[in-house]
Structure formats: C-alpha cells, structure tokens
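See below for the structure under consideration.
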Amino acid sequence: HMLRRPFRRLAAPNRNSALRAPLMCDASVQEKRPTVTADVIPGMKAMSASPAVVREVGCSSCEAEWVARSKDVEKAEAERLDGLRNSDMRAYVAEIWDYAQHMNDTQRQELALTPDMECRRFVIDSSTPPTPTMERVYNSTMERVPYEQACYICGPEQAMLLRTLVATARPRQALDIGCFTGYASSAILDALPRNGHLTCIEVEPTWTGLASELLAGRNVEFITNDAMATLKAFETEGRRFDFISLDADKPMHGEYYNQSLKLLRPGGVMIMFGMLLFPTVEDQQAMEVLHDILPSDKRILTAQLPVGCGIQLMVSTADVDPKSPPLYYASQRADGSVANLASEPALSGEAAEIERKRYELELELAAIDRLIDADGIPLGGAAASGPGTEALSSAGLVALAAARRPPPEDQPSAM
Ligand SMILES: C[S@@+](CC[C@H](N)C(=O)[O-])C[C@H]1O[C@@H](n2cnc3c(N)ncnc32)[C@H](O)[C@@H]1O
C-alpha cells in the first residue's frame, strides 16, 4: 500500500562529503539551501506555511476532520492506480518500476517503517501507560490544533521512550528544544526527579501559550524565542543541562546539535527526533547530513532507534575519550565579568586543566545529587541554593573532606 502514498519523489542524495553542509552556523550556507517544500499529502502544507491556530475547548475535533480528508486522498489515489492497472497495464507497471528505481535510502526506510497499525498499537500497549497529563496534552492538541500542524506532535510510542530515557538519566536540568504544545515536555516532566527542572524553547507564541496552559503548575519554564539565539544566550550565561531533547526546524538541527553539545554536561544525554521520516525535502537533506556525521563524531556515543519518525540517542563522551579531549572555555574573565563563551578562545595549559577539573566536579555533584534524590533525602541539588545545600558546592565538598580527615594527633608520626 506504500504506492498509494503520493509523497514527493527525490533523487537519491549524493553522499559525496564535499556536498555536505558544514555543521557550524553560517548564514551564507543557510541562504544557499533549497527551499523546496514537498506535499507529503496533497493539500498538506509545511508547518511553517500555515498560521498557528488554537481552537476553543469543545470545538469539533480537528483530528476527525483531517482523518476524513486524508481518507479521501488515499481513496482517490487507490482508485487512480486501480484505473491505470485496468486501462493500461504497461503504464501501471512502468509507474511502479519507475517508483522503485527512484526510491532513495530515506524512502526505503520509510517503507520499512510504514506504520503497521497493529504492530504500533502493540508497541504502545507494551509500554507503561501515559499519565493523565500526557493524555490531556496529546488529546487537547489533537482537538484544538488543526491537523496540518497537530500532526507534528511526537508519537505516543516516542513519548513513552522519552519518558523512560529521562527516568534512566535522572537529569537535574532538562531542556526541550522545539516543544510545540508540550507533549514531549509532559513525558519529560513525568519522569523528572522531584527537584528536577525543565526548560522549553519554542519560537511560536501560540504553541507556548497552549503548552503553558496545559502544563500549568509543573516545574517547567517556557521560553518563546528562536532556538539558536536562546542556546547561545545559555552558553554565555554558563547554563548546563543533563538531558536535552531536540525536535525543532530540521534544517537547523546540525547547528542546534553543535550548540547543545556545549551545554550538555559530560555524560549527559541528548536525543534528536525526526531522523527517518521527513515532511519536506529540506528536512530530508539536513537530516541525511546528520546520518553521515553523527556515527563518527567523537564527542558522543550514539545509536539510532527506529521508533516513530526515528530517534537518535546520544551520550556525551566529554569525560571518556582521551583522544579527542573537549575544549574548555573560561566562564568568567580575569576581571570577574561574565565571558561571552561564543566568541571566547578555548583555554589552554593550566587554565584548561583547572576548568576541566571544575567540569568533572560538576559532573560528580550532579551524580551525588541524583543519588540523594533517588534516596528521597530532601536536599536541594547542585543547581539549588539555601540551607543544607552548601555541602553540594565544590567548596562544601572540600570542607566535608577536610572535616573527615583524622585530626593531626591521630595520624602516625613520621619516622
Ligand atoms: C516537530 S514540532 C515538535 C513537536 C514536539 N516535540 C511534541 O512532541 O509535540 C517542531 C517545533 O519546533 C518549532 N520551531 C521551529 N523553528 C524553531 C526555531 N527556530 N526555534 C524554536 N522553535 C522552533 C515549531 O514551531 C514546532 O513547534
């Protein structure tokens, strides 16, 4: 039934590395990118082409409206192919032959992933059921956002996976880039440790408006701004995250990935959505560059999970690969002012070594924090302040170590 899906055909992309877009943010490269938009289903515009709309509570379901419409499209295509087979078998075979010849890697993957509803239901039913919050965010999006945009929500099976990964990583500070109406965010929140905090970035105020309505009262902050500008500001402010979920405008994912890696603690987890299914040609080209680059990027360990639109699971190797040591930057200048890390040169020599140690200490503090949280001891985290938290600062740890050292008179006297 794949043939009934009238999505745009693409020539197989040239995998010559000279054609790869560089990963660093470069405005001139951005301009040269093609701005083709594929009609995945005729009449369905790319998300950015439709105005963001949230309907009133209780309006007739946008999802039901769309399902009826897409069924009409499927039916028309099935009838066209049946008609062609009956009237001109040669043309019918030629069309199928031509289709198979022009399938590229992505379409082959899509063929492999074409949703088998029974299997998908089984996968969802084999996962811990969604909480009422997750259900509310998903259903409200489907009911109140026109389906052309609502369908950009991540699949329930992806949300279950995300929630389980968060429960494994136990992050103190989590970041959701491109949060849309907050469905993936609700999955992260449901697995976050009690003292954990989630920051969400989304460029479209209509979506952050709905997300903050649906997740009111939870430990989450919504930032309505462009992702790149926000990630750069975080770097300058010295903000760090233990878990990052990336699901925004795919042509920028390479740049977001690079920038997010600077914010990820050593050993931190990053996941990227949209690795295998692409609504536009632009998205496909950008993600295929990442297919080539991520497996050999020494800054991460990674594996791809063919769940939903495809998830890349990455763990920062910043503290485990001596052959490609991470670069360290001063977060403060000698005069005490806050350094602009984006334009600062990397540290070298003793200064880099001190910064590396500080970074490692931060990692250990985050681990201690998670352990304390898992044991249910009501102490704040490395990111928190107030009574009881001083032992979790690096100065506090030094003080603790000093306090535990036996007093001088108990030490054996030097001979
Ligand atoms: C595929 S949707 C994310 C779906 C979301 N993860 C969920 O589970 O519901 C991508 C989102 O990225 C947002 N986006 C696009 N360009 C952006 C940018 N430059 N900065 C921040 N967000 C952006 C879009 O508005 C959209 O809401």
Side-chain angles (χ1 to χ4, degrees), residues 25 27 30 33 35 37 40 44-54 63 130 133-163 165-166 174-190 198-212 214-215 220 222-234 243-257 259-260 270-280 282-284 286-287 307-312:
C25 191
Q30 294 293 311
R33 283 197 181 130
T35 50
T37 298
V40 181
M44 178 174 149
K45 295 192 210 98
M47 192 178 200
S48 55
S50 329
V53 176
V54 171
E63 187 183 13
T133 308
M134 288 173 69
E135 289 279 68
R136 189 175 68 247
V137 177
Y138 189 88
N139 292 336
S140 302
T141 304
M142 286 305 176
E143 278 160 22
R144 295 175 58 188
V145 176
Y147 193 77
E148 289 91 327
Q149 293 164 331
C151 67
Y152 282 82
I153 199 166
C154 75
E157 66 273 49
Q158 293 182 301
M160 317 293 194
L161 175 63
L162 179 58
R163 184 175 57 176
L165 288 173
V166 172
L175 177 65
D176 185 8
I177 306 170
C179 69
F180 189 42
T181 55
Y183 182 50
S185 322
S186 71
I188 296 174
L189 280 171
D190 278 344
L198 174 63
T199 304
C200 297
I201 309 172
E202 166 61 55
V203 76
E204 176 54 67
T206 311
W207 306 144
T208 41
L210 181 56
S212 34
L214 296 171
L215 293 171
V220 55
F222 291 99
I223 298 176
T224 308
N225 197 8
D226 171 62
M228 199 61 192
T230 314
L231 294 174
K232 285 201 162 158
F234 284 172
F243 190 97
I244 300 179
S245 171
L246 174 49
D247 188 13
D249 44 333
K250 304 299 178 286
M252 284 295 287
H253 264 206
E255 280 80 358
Y256 296 156
Y257 161 71
Q259 188 61 26
S260 299
M270 173 153 39
I271 67 160
M272 195 191 294
F273 285 77
M275 301 306 299
L276 295 175
L277 296 181
F278 321 103
T280 72
E282 243 184 324
D283 290 2
Q284 173 168 350
M287 299 313 277
V307 178
C309 64
I311 289 179
Q312 195 82 27

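Position 1 is the first residue of the sequence, and the numbers go up from there. Remember, it's 1-based here, ligands and their atoms both numbered in the order they're listed.
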Checklist entry - Can you find a side-chain donor-acceptor pair between Asp249 and Tyr256 that sits under 3.5 Å? => result yes
Next on the checklist: So does Pro51 get a backbone contact from the side chain of Glu204, meaning a donor-acceptor N/O pair under 3.5 Å?
Outcome noted: no
Item to check | Backbone N/O of Ala229 and side chain of Asp226: donor-acceptor pair under 3.5 Å | outcome: yes
Next on the checklist: Before you tell me yes or no, could you show the steps for Val145 and Thr206 under side chain to side chain contact (heavy atoms under 4.5 Å, CB included), namely the whole-Å CA-CA distance, both residues' side-chain angles and the distance that decides it to 0.1 Å?
Outcome noted: CA-CA 10 Å; Val145 176; Thr206 311; over 6 Å; no
Checklist outcome for this item: Rounded to the nearest 0.5 angstrom, the CG-CD distance for Leu276 and Gln312 is 8.5 Å
Item to check | Residue selection (non-hydrogen contact nearest atom 5 (C) of ligand 1) among Gly178, Ala229, Cys200, Cys151 | outcome: Gly178
Checklist entry - Got a donor-acceptor contact below 3.5 angstrom from the Gln158 side chain to the Val307 backbone? => result yes
Checklist entry - Does an N or O from Ala227, backbone or side chain, lie closer than 3.5 Å to an N or O of ligand 1? => result yes
Checklist entry - In Å, rounded to the nearest 0.5 Å, how long is the span from NZ of Lys250 to SG of Cys309? => result 6.5 Å
Next on the checklist: Can you name the atoms of ligand 1, numbered from 1 with element, that are less than 4.0 Å from a heavy atom of Tyr152?
Outcome noted: 1 (C), 2 (S), 4 (C)
Next on the checklist: So, regarding Val203 and ligand 1 (criterion: nitrogen or oxygen to nitrogen or oxygen, under 3.5 Å), is there a contact or not?
Outcome noted: yes
Item to check | The single option from Tyr138, Tyr152, Phe273 passing ring pair (Phe, Tyr, Trp, His ring centres under 6.0 Å) against Tyr183 | outcome: Tyr138
Next on the checklist: If the contact criterion is a heavy-atom separation under 4.0 Å, does Asp226 count as touching ligand 1?
Outcome noted: yes
Item to check | Spacing of Tyr257 atom OH and Leu246 atom CG [to the nearest 0.5 Å] | outcome: 10.5 Å
Checklist entry - Below 4.0 Å from any atom of ligand 1, is there a heavy atom belonging to Tyr138? => result no
Checklist entry - At a 4.0 Å cut-off, with the gap strictly under it, does some heavy atom of Thr230 reach an atom of ligand 1? => result no
Next on the checklist: So if I count the atoms of ligand 1 from 1 in the order they appear, which ones are less than 4.0 Å from some heavy atom of Ala248?
Outcome noted: 10 (C), 12 (O)
Checklist entry - Against heavy atoms of Phe180, which atoms of ligand 1 measure under 4.0 Å? => result 3 (C), 4 (C), 5 (C), 9 (O), 27 (O)
Checklist entry - Atoms of ligand 1 less than 4.0 Å from Tyr256 heavy atoms? => result 18 (C), 19 (N)
Next on the checklist: I want to know if ligand 1 touches Asp249 in the polar sense, i.e. an N/O pair below 3.5 angstrom.
Outcome noted: yes
Next on the checklist: Counting only heavy atoms closer than 4.0 Å, does ligand 1 sit against the backbone of Phe273, its side chain, both, or neither?
Outcome noted: neither
Next on the checklist: Using modelled atom types and a 3.5 Å cut-off, is there a donor and acceptor pairing between side-chain atoms of Arg136 and backbone atoms of Leu214?
Outcome noted: yes
Checklist outcome for this item: Check: of Met228, Glu204, Glu202, Gln149, min heavy-atom distance to atom 26 (C) of ligand 1 comes from Glu202
Checklist entry - Atoms of ligand 1 less than 4.0 Å from Asn225 heavy atoms? => result 20 (N), 21 (C)
Item to check | Proximal ligand 1 atoms for Asp247, defined as those under 4.0 Å from one of its heavy atoms | outcome: 1 (C), 2 (S), 3 (C), 4 (C), 5 (C), 6 (N), 10 (C), 11 (C), 12 (O)
Next on the checklist: Test your reading of the structure: does Cys154 have an N or O sitting under 3.5 Å from an N or O of ligand 1?
Outcome noted: yes
